Amino acid sequence: MESNALLWLILAVVVIAVIVAIVVIGGRQRKAKQAERAGTLRSEAREQSSHVQQRESKAAEVDARARAAQAESDIKAAEAEQLALAAERQKTQASSQRSDVDDQFRKADKVDPHHDNSLAEESPTSDRSRQSTPPDTTTTHDRDSQTPR
């Protein structure tokens, strides 16, 4: 019986050794597959990283163009504001000069012996275009067109 028990003991040790060997080999194969998968993932990540880097570069370029366009727009807006202010000053000056010229024409009309002053005295603020002028005199518009600039 002892030989039979010894045989069973040896057989049990061999079976256990085979099971351990299978587990160890299986573990190594699993680790090898995991390492291969990790390498594939890294390779894909490098490829995607390259694409992402290109997109980031394009995004930075577009952002730079947008900032340049905004700066140009700000410059144009400031330029437009300055031109509007200059136009307003010129309108004010022209209005003042128009008033001075109209005053000068009124003075000339008062001094002119051939001008009919009765219409001007009736309505000093009336529109001169409604006044009738004698054939030998000119209107304010005619005088303006003859005035050197």
Side-chain angles (χ1 to χ4, degrees), residues 1-110 112 115 119-133 137-149:
M1 203 152 159
E2 261 187 49
S3 72
N4 208 9
L6 185 62
L7 187 62
W8 280 111
L9 182 63
I10 293 174
L11 184 63
V13 170
V14 170
V15 169
I16 292 174
V18 169
I19 291 173
V20 169
I22 290 173
V23 170
V24 169
I25 292 172
R28 287 181 184 168
Q29 286 178 345
R30 191 171 8 99
K31 285 183 182 181
K33 285 182 183 179
Q34 287 176 338
E36 183 181 330
R37 177 73 178 136
T40 303
L41 289 173
R42 283 188 184 94
S43 174
E44 289 173 2
R46 277 192 291 275
E47 188 177 312
Q48 289 177 356
S49 176
S50 175
H51 291 299
V52 169
Q53 199 171 25
Q54 288 174 352
R55 286 186 179 158
E56 288 172 337
S57 176
K58 286 180 184 179
E61 181 182 326
V62 170
D63 184 52
R65 280 191 274 153
R67 281 186 271 118
Q70 182 63 49
E72 186 176 327
S73 174
D74 292 346
I75 289 169
K76 292 290 184 185
E79 205 174 283
E81 188 176 336
Q82 289 174 349
L83 289 172
L85 290 172
E88 191 60 37
R89 281 192 302 270
Q90 289 177 2
K91 284 179 187 178
T92 301
Q93 290 173 350
S95 176
S96 174
Q97 289 174 345
R98 168 59 56 207
S99 179
D100 292 346
V101 167
D102 286 346
D103 287 345
Q104 193 171 0
F105 278 129
R106 280 192 285 279
K107 287 178 186 175
D109 288 347
K110 286 182 182 178
D112 187 0
H115 182 75
L119 292 174
E121 291 171 3
E122 290 175 7
S123 176
T125 60
S126 68
D127 183 10
R128 295 181 60 93
S129 63
R130 288 183 281 181
Q131 296 178 0
S132 61
T133 56
T137 62
T138 58
T139 64
T140 305
H141 176 70
D142 294 336
R143 285 181 239 157
D144 284 349
S145 63
Q146 295 170 357
T147 306
R149 296 180 187 194

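Keep in mind that this is a model prediction, so the values were computed, not measured.
- Residue Q97 holds its CD atom at 9.5 Å from OG of S95, rounded to the nearest 0.5 Å.
- Taken to the nearest 0.5 Å, the CD atom of E56 stands 7.0 Å off from the CD atom of Q53.
- S49 OG to Q54 CD: the interatomic distance, rounded to the nearest 0.5 Å, is 10.0 Å.
- At least one donor-acceptor pair closer than 3.5 Å links the side chain of T92 to the backbone N or O of E88.
- Not a single salt bridge (Lys or Arg N to Asp or Glu O under 4.0 Å) links D100 to another residue, sequence neighbours left out.
- Applying the salt bridge (Lys or Arg N to Asp or Glu O under 4.0 Å) rule to E61 yields the partners R65; only residues at least two apart in sequence or on another chain are considered.
- Of the inter-residue distances, the one linking E72 atom CD with E79 atom CD reads 10.0 Å to the nearest 0.5 angstrom.
- Salt-bridge check for D103 with K107: failed, with every basic side-chain N at 4.0 Å or more from each acidic carboxylate O.
- Taken to the nearest 0.5 Å, the OG atom of S99 stands 11.5 Å off from the CD atom of Q104.
- Remark: Q70 engages D74 in a side chain to side chain donor-acceptor pair (under 3.5 Å) (not counting sequence neighbours).
- Put simply, CD on Q90 and CD on Q93 are 7.0 Å apart, with the number rounded to the nearest 0.5 Å.
- Panel note: side chain S50, backbone R46; no donor-acceptor pair is recorded below 3.5 Å.
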